[in-house]
Structure formats: structure tokens, C-alpha cells
Amino acid sequence: MTPITEVEGRRLALSNLDKVLYPATGFTKGEVLHYYATVADVLLPHLRERPVSFLRYPDGPDGQLFFTKNVPPGTPDWVATAEVPRSEGPSRMVLVQDLPSLMWAANLVTEFHTHQWLAPTPDEADRLVFDLDPGAPATIVHCCEVALWLRERLAADGIVAYAKTSGSKGLHLLAAVRGSSSEQVSDYAKRLAVEAERAMPELVLHRMTRSLRPGKVFVDWSQNAGRKTTAAPYTLRARAEPTVSAPVTWAEVEECGAPEGLAFQAGDVGARVGEFGDLLAPLFDVEGAGVLP
């Protein structure tokens with residue numbers, strides 16, 4: 001019988017808690033739910049008011065992975081949703097606004113991916129993102145070098161960048177912005193990616209051309225497009241081990257000398273939050289958001 005758990009007054013059926021989702025470490029679904037409950041205070045602010053795409057992996061990373069963008073069948077009526085504009089016509093997506101909604105979604109076994117805009121204002125981007133993706137034999141160490149260049153370039157335009165691991169191989173840069181559309185932010189991000197390639201031609205690519213990827217860092221600027229989403233801060237990833245897209249300090253980026261130096265699993269995050277708080281909290285300072293030149 002599926003146990004019923006009450007979370008802030010909402011009744012949830014949390015299933016298959018002993019199921020091993022990460023065979024490499026034995027990490028179970030119950031531990032996944034415990035992780036999300038533990039980091040809820042820092043994760044939820046990054047999810048609220050942002051339509052969420054779920055990358056589900058109910059049988060673990062070795063099973064089927066599939067995106068769920070629309071509101072899933074069986075979603076409780078107390079889970080908030082929002083109408084989202086799309087080229088093919090509006091649709092409804094989930095908003096993870098509170099702990100019960102987070103635990104309900106986590107029970108689906110999913111990565112959390114969000115847009116760079118808020119549901120009430122889909123025509124205005126409030127985030128700028130760069131996804132730095134290394135092509136082997138390049139690693140996150142090389143991503144750090146590119147990230148430091150981008151940090152300084154953004155700063156020259158009055159935009160403050162923050163870093164997090166992708167939870168996979170690379171690094172994400174995030175910045176708060178205001179007063180621009182997703183298209184304008186995407187155009188600006190592309191310009192900087194092209195500049196980075198010109199400044200570091202042996203290391204950087206701004207195009208996704210597979211044949212050019214080995215040994216270089218692809219600066220993916222395209223995730224700023226209004227239709228696209230990026231892995232949210234603190235989300236678990238569907239990888240061999242329960243890795244997390246974890247915020248990092250710039251000192252950690254500067255000092256990274258080996259990939260394992262910036263590899264964080266679910267069990268590492270609680271202590272990091274206790275030590276640093278949410279390193280991405282400044283993104284919520286509206287007054288500090290950058291304005292594109």
C-alpha cells in the first residue's frame with residue numbers, strides 16, 4: 001500500500017520509496033525525496049513563478065528519460081499552473097510554488113528545468129544564462145577559464161554573474177537582468193559568445209558543430225530563447241550518480257584544478273548551504289539586475 005504523507009496540510013501518496021534510482025551508489029527514491037525536502041528553502045525561490053519542464057527518469061538514469069512540459073495527468077488541483085505562450089498556441093505548465101508541490105513533483109522522479117522569465121511577465125526576461133559545455137578531452141576545468149573571462153566581460157557592461165555546476169560535465173553562469181525580451185537577451189548573449197571565441201579561439205566555440213567540439217568549450221547562449229529551459233539550481237540530475245546542479249563561489253571556480261573539485265552530490269549540498277547559504281540569492285535583488293547595453 002502506498003504510504004500517505006501530509007505536507008503542510010496536503011496529502012501526498014509517495015510511492016516506491018525503497019526503489020534504487022542510482023545503482024552506482026544505491027541512492028533510493030526515498031533519499032531523493034529527502035534531498036528535496038532538505039534543500040526546499042533554497043530551491044523553491046528559484047522555481048516560484050517559473051513554468052517548469054520536468055525531465056523525468058522514473059526508472060533511474062539508465063531507464064527512459066522524457067520531458068513533460070504540459071501539466072501531467074493526475075496533477076492535484078492544488079498545484080498551481082500557468083498559461084504559457086507558445087508558437088503553436090498557449091498551453092498550461094506547472095508552477096512549483098511551495099513544499100507540497102515540490103514533494104509531489106519530486107515523487108515523479110524528475111529534473112527541474114525552468115525558463116529565464118516569470119509566468120506573470122513572459123515577454124520580459126529576468127535571467128541571462130550561459131551553459132558552458134566541454135567537449136572531451138576538455139573538462140569543467142576549461143569551463144572555469146571561460147567562465148572567468150565571461151564574468152569580466154559581463155561586469156564591463158554592469159552585469160554581475162554567478163556560477164553553478166551543471167550537475168553533469170559543465171558550468172552554468174547566471175545573471176539577473178531587466179528591461180529586455182528573451183530575444184534581446186539571446187542576441188546579447190550570442191554577441192558575448194562570439195567575442196569569447198575570438199578572444200580564446202583554441203578553447204571556445206559559440207556554435208554547436210559537433211565536429212569542432214573535441215577539446216573545446218561550447219558557450220551555449222541559445223538557452224536564453226523564450227521557448228527554452230535550463231536545469232534549475234539545486235536540481236538532481238539523471239546521471240550515473242546523484243549529482244546536483246550546485247551553486248559555487250568564484251574562488252572555487254578560480255581554484256579548480258581537477259573536475260572532481262567541482263562535482264557535488266546530494267549528500268554534499270546540505271553542508272554547503274549551511275556554510276554559504278544560497279550563493280545565488282543576489283539574483284533576486286531586482287534593484288541589482290543588469291540592463292543590457
Side-chain angles (χ1 to χ4, degrees), residues 39 41-50 112-118 124-134 140-180 182 185-186 188-189 192-193 195-196 217 219-224 228-237 243-256 261-264 268-293:
V39 301
D41 286 348
V42 289
L43 168 59
L44 281 169
H46 294 283
L47 298 179
R48 286 194 186 103
E49 300 296 344
R50 294 186 190 277
F112 294 90
H113 292 241
T114 56
H115 294 280
Q116 316 310 324
W117 45 265
L118 299 172
E124 180 177 349
D126 72 330
R127 295 285 183 270
L128 178 151
V129 62
F130 287 106
D131 180 0
L132 308 183
D133 186 14
I140 196 171
V141 176
H142 302 90
C143 293
C144 289
E145 183 178 345
V146 178
L148 292 168
W149 187 94
L150 285 168
R151 178 183 65 164
E152 295 306 312
R153 179 61 186 83
L154 287 163
D157 286 337
I159 297 172
V160 181
Y162 300 88
K164 68 182 181 76
T165 66
S166 68
S168 178
K169 299 176 296 181
L171 199 67
H172 293 165
L173 293 193
L174 297 170
V177 294
R178 56 190 167 95
S180 296
S182 294
V185 174
S186 190
Y188 171 74
L192 265 60
E195 286 185 32
V217 174
V219 178
D220 187 356
W221 51 268
S222 70
Q223 292 184 29
N224 293 285
K228 290 199 173 185
T229 59
T230 303
Y234 302 103
T235 188
L236 278 164
R237 304 305 304 269
T243 54
V244 172
S245 184
V248 294
T249 68
W250 280 112
E252 288 175 308
V253 173
E254 291 167 354
E255 296 165 6
C256 182
L262 288 181
F264 302 104
D268 302 319
V269 175
R272 288 182 61 80
V273 171
E275 180 179 359
F276 298 117
D278 180 14
L279 289 167
L280 301 180
L283 292 172
F284 300 113
D285 178 11
V286 177
E287 295 300 318
V291 178
L292 301 189

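Residue numbers run from 1 in the order of the sequence given. Heavy-atom basis, side chains included; hydrogens, waters and symmetry copies ignored.
- No donor-acceptor pair closer than 3.5 Å links the side chain of R237 to the backbone N or O of G167.
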Between I140 and K169, is a side-chain contact (heavy atoms from CB on, under 4.5 Å) present by the stated rule, with each step listed? CA-CA 6 Å; I140 196 171; K169 299 176 296 181; over 6 Å; no
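- Looking at every heavy atom in both residues, W250 comes nearest to A147 through CH2-O, 3.8 Å.
- Side-chain N or O atoms of T165 include none that pairs as donor or acceptor with a backbone N or O of L262 at under 3.5 Å.
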side-chain contact (heavy atoms from CB on, under 4.5 Å) evaluation trace for V39 with R272: CA-CA 11 Å; V39 301; R272 288 182 61 80; over 6 Å; no
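- Here the side chains of K164 and P233 are in contact, with some heavy-atom distance below 4.5 Å.
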Where do L148 and E152 land on the side-chain contact (heavy atoms from CB on, under 4.5 Å) test, with the steps shown first? CA-CA 6 Å; L148 292 168; E152 295 306 312; 5.9 Å; no
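- Contact detail for V160 and A175: the closest heavy-atom pair is O-CB, 3.3 Å.
- Of all heavy-atom pairs spanning W221 and A193, the tightest one is CD1-CB, 3.7 Å.
- Side-chain atoms of L154 and L192, non-hydrogen and from C-beta on, do get closer than 4.5 Å to each other.
- What you find for G277 and Y234 is that their closest heavy atoms are O-OH, 4.2 Å.
- For the atom pair OH (Y162) and OG1 (T249), the distance works out to 13.0 Å, reported to the nearest 0.5 Å.
- Under 3.5 Å, the side chains of Q116 and T230 contain a donor-acceptor pair of N or O atoms.
- Between the CG atom of L43 and the CZ atom of R48 there is a distance of 9.5 Å, given to the nearest 0.5 Å.
- We find the NE2-CG distance between H46 and L283 to be 6.5 Å, quoted to the nearest 0.5 Å.
- For the 3.5 Å distance criterion, the side chains of N224 and Y188 fail to qualify, holding no donor opposite an acceptor.
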Could you please spell out the steps behind the side-chain contact (heavy atoms from CB on, under 4.5 Å) verdict for D268 and V244? CA-CA 9 Å; D268 302 319; V244 172; over 6 Å; no
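- Counting all heavy atoms, side chain and backbone alike, A125 lies closest to W117 at CA-CB, 4.2 Å.
- For the atom pair CG (D126) and CG (L118), the distance works out to 4.0 Å, reported to the nearest 0.5 Å.
- Checking L171, L236, T235, V269 one by one against S245, the side-chain contact (heavy atoms from CB on, under 4.5 Å) holds for a single residue, T235.
- Within the 3.5 Å criterion, the main-chain N or O of K228 finds a donor-acceptor partner in the side chain of H115.
- A pairwise comparison of heavy atoms in S222 and D220 identifies OG-OD1, 2.6 Å as the closest pair.
- In this structure, CZ on R127 lies 12.5 Å from OG on S182, to the nearest 0.5 angstrom.
- Note that the CD1 atom of I159 and the CG atom of L292 stand 5.0 Å from one another [nearest 0.5 Å].
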